[in-house]
Amino acid sequence: MDGVHDMGGMHGMGPVETEENEPVFHGDWEKRMFALNNAISALGVRNIDESRHARERMAPADYLGSSYYEIWLDGLTRTLLEKGLISEEELSGAMAPQPVTTPKPALSAENVDTVMSKGATYVVDLDIAPAFSVGQIVRAKNIHPAGHTRLPRYARGHTGVVHAAYGVHVFPDANAHGPDKPQHLYNVKFSSEELWGAEGTPGDVIYIDLWNDHLEDASND
């Protein structure tokens with residue numbers, strides 16, 4: 001969706017300020033926020049695309065004024081409320097926490113390292129013919145989905161070349177909202193000048209991972 005989170009290439013946002021010797025966490029509460037998110041994921045109540053879409057729906061003014069983990073907290077709270085794992089009354093302290101059931105048991109402390117090191121794969125073992133091939137000229141569709149999408153605004157309507165084909169993967173745009181729609185994933189190379197026009201830098205290129213539904217054939221343009 002065209003949310004405030006999709007600000008790549010936007011004007012008027014000021015420079016990206018880097019922090020020298022930036023720590024992984026700026027406070028203990030950020031460590032807990034990181035742990036809570038992973039613990040909730042282990043319960044099987046949401047997937048990674050649902051969690052991203054929850055953060056994307058934060059009020060724009062709040063989003064711009066929040067730190068990274070404050071945005072995580074907002075998204076996690078929204079997810080737990082929508083999934084019925086907590087209530088507004090429990091959240092405000094007006095009611096004591098109530099027991100809930102989850103698809104998977106809670107992650108035990110002794111299994112944390114194993115789960116974190118294992119990671120996750122989003123490759124799907126399905127025999128689906130690819131729509132595009134390496135070297136083909138393609139165009140990122142100029143679409144504005146109402147829900148979650150991994151197609152950044154700055155790439156829409158622009159032409160690039162398929163740089164790599166990764167095979168069939170989970171499609172995040174669908175996975176964030178219910179039944180998945182597995183399809184081929186590609187890496188597409190765009191020139192800086194194609195994306196930014198006269199403000200682009202000759203010779204610079206941008207590689208973006210895009211799915212089948214994000215692209216259309218532009219080889220005959």
Using the rule that two of Ile, Leu, Val, Met, Phe, Trp, Tyr join whenever any of their side-chain heavy atoms come within less than 4.5 Å, decide whether M116 and I40 are in one cluster.
yes
Please, which pairs that meet side chain to side chain donor-acceptor pair (under 3.5 Å) have at least one residue in residues 113-129, sequence neighbours excluded?
none
Should M33 and V115 be regarded as members of a common hydrophobic cluster, given that ILVMFWY residues are connected when their side-chain heavy atoms come within less than 4.5 Å of each other, either directly or indirectly?
yes
Heavy-atom nearest pair, S66 first then M58, reads OG-CE, 3.2 Å
Do D74 and R78 meet the salt-bridge criterion of a basic N to acidic O distance under 4.0 Å?
yes
Please check if M10 and Y154 belong to a single hydrophobic cluster, counting links between Ile, Leu, Val, Met, Phe, Trp and Tyr side chain heavy atoms closer than 4.5 Å.
no
Is it the case that one hydrophobic cluster holds both V168 and L215, taking links as side-chain heavy atoms less than 4.5 Å apart, direct or via other members?
no
What pairs meet the salt bridge (Lys or Arg N to Asp or Glu O under 4.0 Å) rule with one or both residues in residues 174-203, with sequence neighbours excluded?
K181-D213
Over 60° means perpendicular and under 30° means parallel, so classify the ring planes of H148 and H177, tilted if in between.
tilted
With no hydrogens and no angle check, just 3.5 Å: does a side-chain donor-acceptor pair link R52 and H5?
no
Under a 3.5 Å threshold, yes or no: a donor from one side chain and an acceptor from the other, between H53 and E50?
no
Any salt bridge between E82 and R46, counting N to O under 4.0 Å?
no
Counting C-beta onward and ignoring hydrogens, is there a side-chain heavy-atom pair between L64 and M13 closer than 4.5 Å?
yes
